[in-house]
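Below: the structure, in structure tokens.
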Amino acid sequence: ALLDAEDGLLGNPVSYRDHRTEGMVEAADSIIPLEEIYRQTGNQIMPINSLFQLIALAKKNPGQLAAARSFLNLPDLFNFWLCGEKASEFTIATTTQCFDPLEMEWAWDMLEKLGIHSDIFERIVFPGTIIGNMRKDICREIDTSRVRVVAVCSHDTQSAILAVPAVDPHFLYLSSGTWSLMGTELDELVITTDTWNKNLTNEGGFGGKFCLLKNITGLWILQECRRQWLDAGVEYSYDDLTLMAGETESFRSLIDTSDGTFFTPGRMVNRIQDYCRKSGQPVPETPGEITRCILESLAMEYRTVAGQISEVTGHMHPVTHIIGGGSQNKLLNQLTANATGCRVVSGPVEATAAGNILVQAMAAGEVESISDARRVVSRSFGLKTFMPEKLTEFDNAYARYMGLEKY
């Protein structure tokens with residue numbers, strides 16, 4: 001959100017999947033090499049990142065950007081509306097590709113070189129900071145006292161990670177939903193040639209932690225297929241699709257879920273079929289076959305990313321905690337255990353909400369530490385465990401997956 005001198009919105013927010021960012025990565029690269037941008041920000045290069053949204057604005061609507069006096073991520077905008085204080089919360093700031101985590105400050109010089117005037121960026125606050133009290137007019141309207149407004153981990157994934165019920169310090173998390181965000185929690189940044197080549201990202205977490213992870217195209221692909229079937233007049237629930245997938249032949253067809261053809265909305269069923277046709281595989285026809293193809297392919301990608309993170313950190317990760325809405329998909333959970341060869345623990349489903357509440361509880365002095373917060377989660381939610389099976393079959397399928405070409 002961009003605010004003018006009177007703190008009014010200069011325009012409505014735009015979806016990060018909007019086509020306006022097409023070509024903006026290349027535009028940035030022509031000014032500052034992408035590897036240098038990565039080394040300054042630690043962020044996986046993705047056209048959805050705020051940096052490329054701002055570059056698109058500078059090129060296509062420079063008047064709006066010139067009129068801006070404040071840049072606020074959406075969680076920060078709601079905090080401002082609630083209490084009247086402008087601030088940029090740390091975890092969401094680190095996802096923008098506008099923040100320098102080495103200096104713990106906005107990447108001032110880089111932003112100016114890319115045509116983004118840096119005086120629009122607000123002060124950084126850390127999760128657990130009390131930003132202010134709720135505005136008096138809001139309190140009167142809802143008949144409440146002036147409750148405190150707390151900066152939580154505003155990046156939803158970081159709130160969810162705080163609610164991972166982990167005991168072992170070397171764990172993987174998989175925040176499973178429209179996106180799949182897979183990574184591990186560390187005490188420091190990892191920005192190297194290896195992480196650049198593997199396109200891994202660093203994001204700030206609670207308590208000065210950093211999370212090394214990768215953004216993976218997740219259940220978005222299945223969501224788009226479901227929408228296409230609904231548009232054709234047939235409604236399937238996710239349980240229906242998972243049940244049909246479970247009754248379908250395994251590893252009939254696989255897709256490279258990171259291929260750009262699966263990023264934008266529309267005709268996803270046809271895109272999957274075209275990909276399989278071009279790659280010489282059987283073309284999935286039924287909803288069950290298509291769903292199985294998506295879920296097995298996601299599990300293969302999880303194996304790839306888990307291996308990359310182990311290589312970079314030098315740690316094996318005996319357990320993967322799957323959190324978020326996708327953790328309800330028992331078939332995908334089992335496929336993930338089989339593909340990675342590691343134990344999978346699923347839950348909680350509403351990890352983001354739980355982590356949000358726990359940060360507020362720590363700000364209020366009701367919970368003392370991250371480990372205490374995670375013990376609260378373990379006692380509060382039903383968790384399920386999935387043990388790896390059929391390892392040889394999955395090893396063979398993974399070899400096929402790694403041989404896929406992009407189209």
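Remember, predicted model here, so these are calculated numbers, not experimental data. Only heavy atoms go into these numbers, but all of them, side chains included; no hydrogens, no water, no symmetry mates.
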- Message: Using 30° and 60° as the class boundaries, would you call the ring planes of Phe121 and Phe71 parallel, tilted or perpendicular?
- Response: tilted

- Step by step, work out the side-chain hydrogen bond (donor to acceptor under 3.5 Å, both in side chains) result for Thr261 and Tyr275. CA-CA 9 Å; Thr261 191; Tyr275 183 98; over 6 Å; no

- Considering only heavy atoms from C-beta outward, does the side chain of Leu243 approach that of Asp240 to under 4.5 Å? no

- Task: Return the minimal non-hydrogen interatomic distance between Asp395 and Arg303, and the atom names on each side.
- Result: OD1-NH1, 2.9 Å

- Message: Between Arg39 and Thr193, is the side-chain hydrogen bond (donor to acceptor under 3.5 Å, both in side chains) condition met? List the steps.
- Response: CA-CA 9 Å; Arg39 289 188 179 275; Thr193 300; 2.7 Å; yes

- Does atom CD of Gln228 have more than 12 heavy-atom neighbours, drawn from other residues, nucleotides or ligands, at distances under 6.0 Å? yes

- Lys59 and Glu26 ion-paired at < 4.0 Å: no

- Closest contact, heavy atoms only, Val345 versus Val319: CG2-CG2, 3.8 Å

- Message: Can a side-chain donor-acceptor contact be found between Thr336 and Asn333 if the only test is distance below 3.5 angstrom?
- Response: no

- Item | Lys209 bridged to Asp187 by N-O distance under 4.0 Å | yes

- Query: What do you reckon, is OH of Tyr16 surrounded by more than 12 foreign heavy atoms closer than 6.0 Å?
  - Reply: yes

- Query: Can Arg400 be said to sit on top of Phe251's aromatic six-ring, NZ or CZ under 6.0 Å from centre and within 45° of the ring axis?
  - Reply: no

- Message: Under the criterion side chain to side chain contact (heavy atoms under 4.5 Å, CB included), I'd like the reasoning laid out for Thr21 against Ile48: C-alpha separation, chi angles, the key distance, then a yes or no.
- Response: CA-CA 7 Å; Thr21 57; Ile48 68 172; over 6 Å; no

- Message: A side-chain contact here means heavy atoms from C-beta on lying under 4.5 Å apart; do Ser310 and His317 qualify?
- Response: yes

- Message: Could you tell me if the side chain of Asn215 sits less than 4.5 Å from the side chain of Gln44, heavy atoms only?
- Response: yes

- Query: Have Asp256 and Ser258 got a donor and an acceptor in their side chains that come within less than 3.5 Å?
  - Reply: yes

- Query: Taking atom types as modelled and ignoring hydrogens, do the side chains of Lys86 and Ser70 form a donor-acceptor contact shorter than 3.5 angstrom?
  - Reply: yes

- Item | Ionic contact status for Arg140 with Asp137, cut-off 4.0 Å | no

- Quick one: sort the Phe126 and Phe90 rings into parallel, tilted or perpendicular, breaks at 30° and 60°. tilted

- Message: Going by the rule ring-ring contact (aromatic ring centres under 6.0 Å, His included), which residues pair with Tyr38 if we only count those two or more places apart in sequence or in a different chain?
- Response: Trp196

- Task: May I ask you to test the Arg227-Glu224 pair for a side-chain heavy-atom distance under 4.5 Å?
- Result: yes

- pair Ile120-Arg69: side-chain heavy atoms closer than 4.5 Å: no

- Item | Spacing of Leu181 atom CG and Leu174 atom CG [to the nearest 0.5 Å] | 8.5 Å

- Note on the structure: Here the gap from Ser346 atom OG to Gln334 atom CD, rounded to the nearest 0.5 Å, amounts to 10.5 Å

- Task: Consider only side-chain N and O atoms of Ser159 and Asp156, and report whether a donor and an acceptor are under 3.5 Å apart.
- Result: no

- Using distance alone, with no hydrogens and no angle criterion, decide if Arg20 and Gln53 have a side-chain donor and acceptor under 3.5 Å apart. yes

N/O donor to acceptor pairs below 3.5 angstrom from side-chain atoms of residues 93-100, sequence neighbours left out:
from   : atom 1 : to     : atom 2 : distance (Å)
Thr94  : OG1    : Thr91  : O      : 2.7
Thr94  : OG1    : Gly204 : N      : 2.8
Thr95  : OG1    : Ile92  : O      : 2.8
Thr96  : OG1    : Ala93  : O      : 2.7
Thr96  : OG1    : Cys98  : N      : 3.0
Gln97  : OE1    : Asn49  : ND2    : 2.7
Gln97  : NE2    : Thr41  : OG1    : 3.3
Gln97  : NE2    : Asn43  : O      : 2.8
Asp100 : OD1    : Leu102 : N      : 2.9
Asp100 : OD1    : Glu103 : N      : 3.2

- Side chains of Thr286 and Arg292: donor-acceptor distance under 3.5 Å anywhere? no

- Message: Both conditions, 6.0 Å and 45 degrees, for the charged tip of Arg123 above the ring of Trp106: are they met here?
- Response: no

- Residues in ring-ring contact (aromatic ring centres under 6.0 Å, His included) contact with Phe206, at least two apart in sequence or another chain: none

- Query: Going by heavy atoms in the side chains, are Leu3 and Leu10 under 4.5 Å from each other?
  - Reply: no

- Any side-chain donor-acceptor pair under 3.5 Å between Asp119 and His117? yes

- Message: Less than 4.0 angstrom from a charged side-chain N to a carboxylate O is my criterion; do Lys198 and Glu311 meet it?
- Response: yes

- Item | Heavy-atom side-chain contact between Thr304 and Tyr398 under 4.5 Å | yes

- Query: Is Arg17 close enough and on-axis enough to Phe263, meaning under 6.0 Å and within 45°, for cation-pi?
  - Reply: yes

- At their closest point, which heavy atom of Arg135 faces which heavy atom of Trp81, and how far apart are they? NH1-O, 2.6 Å

- Shortest non-hydrogen contact from Trp108 toward Ser118: CZ3-O, 3.0 Å

- Between Ser253 and Glu289, does a side-chain hydrogen bond (donor to acceptor under 3.5 Å, both in side chains) hold up when you go through it step by step? CA-CA 8 Å; Ser253 306; Glu289 290 173 346; over 6 Å; no

- Query: Which heavy atom of Cys225 sits nearest a heavy atom of Met268, and at what distance?
  - Reply: SG-CG, 3.8 Å

- In a check of side-chain contact (heavy atoms from CB on, under 4.5 Å) between Pro284 and each of Ile255, Ile272, Thr248, Val269, which one passes? Ile272

- Heavy atoms from other residues, nucleotides or ligands near CD of Glu112 exceed 12 (cutoff 6.0 Å): yes

- Got a salt bridge between Asp274 and Arg267, using NZ or NE/NH1/NH2 to carboxylate O under 4.0 Å? no

- Query: Is Lys60 atom NZ crowded by more than 12 heavy atoms from other residues, nucleotides or ligands, each under 6.0 Å away?
  - Reply: yes

- Message: Is the shortest side-chain heavy-atom distance between Pro165 and Ser380 below 4.5 Å?
- Response: no

- Donor + acceptor pair across side chains of Tyr401, Glu301 (<3.5 Å): yes

- Query: Where do Val377 and Ala163 come nearest, in terms of heavy atoms and distance?
  - Reply: CG1-O, 3.2 Å

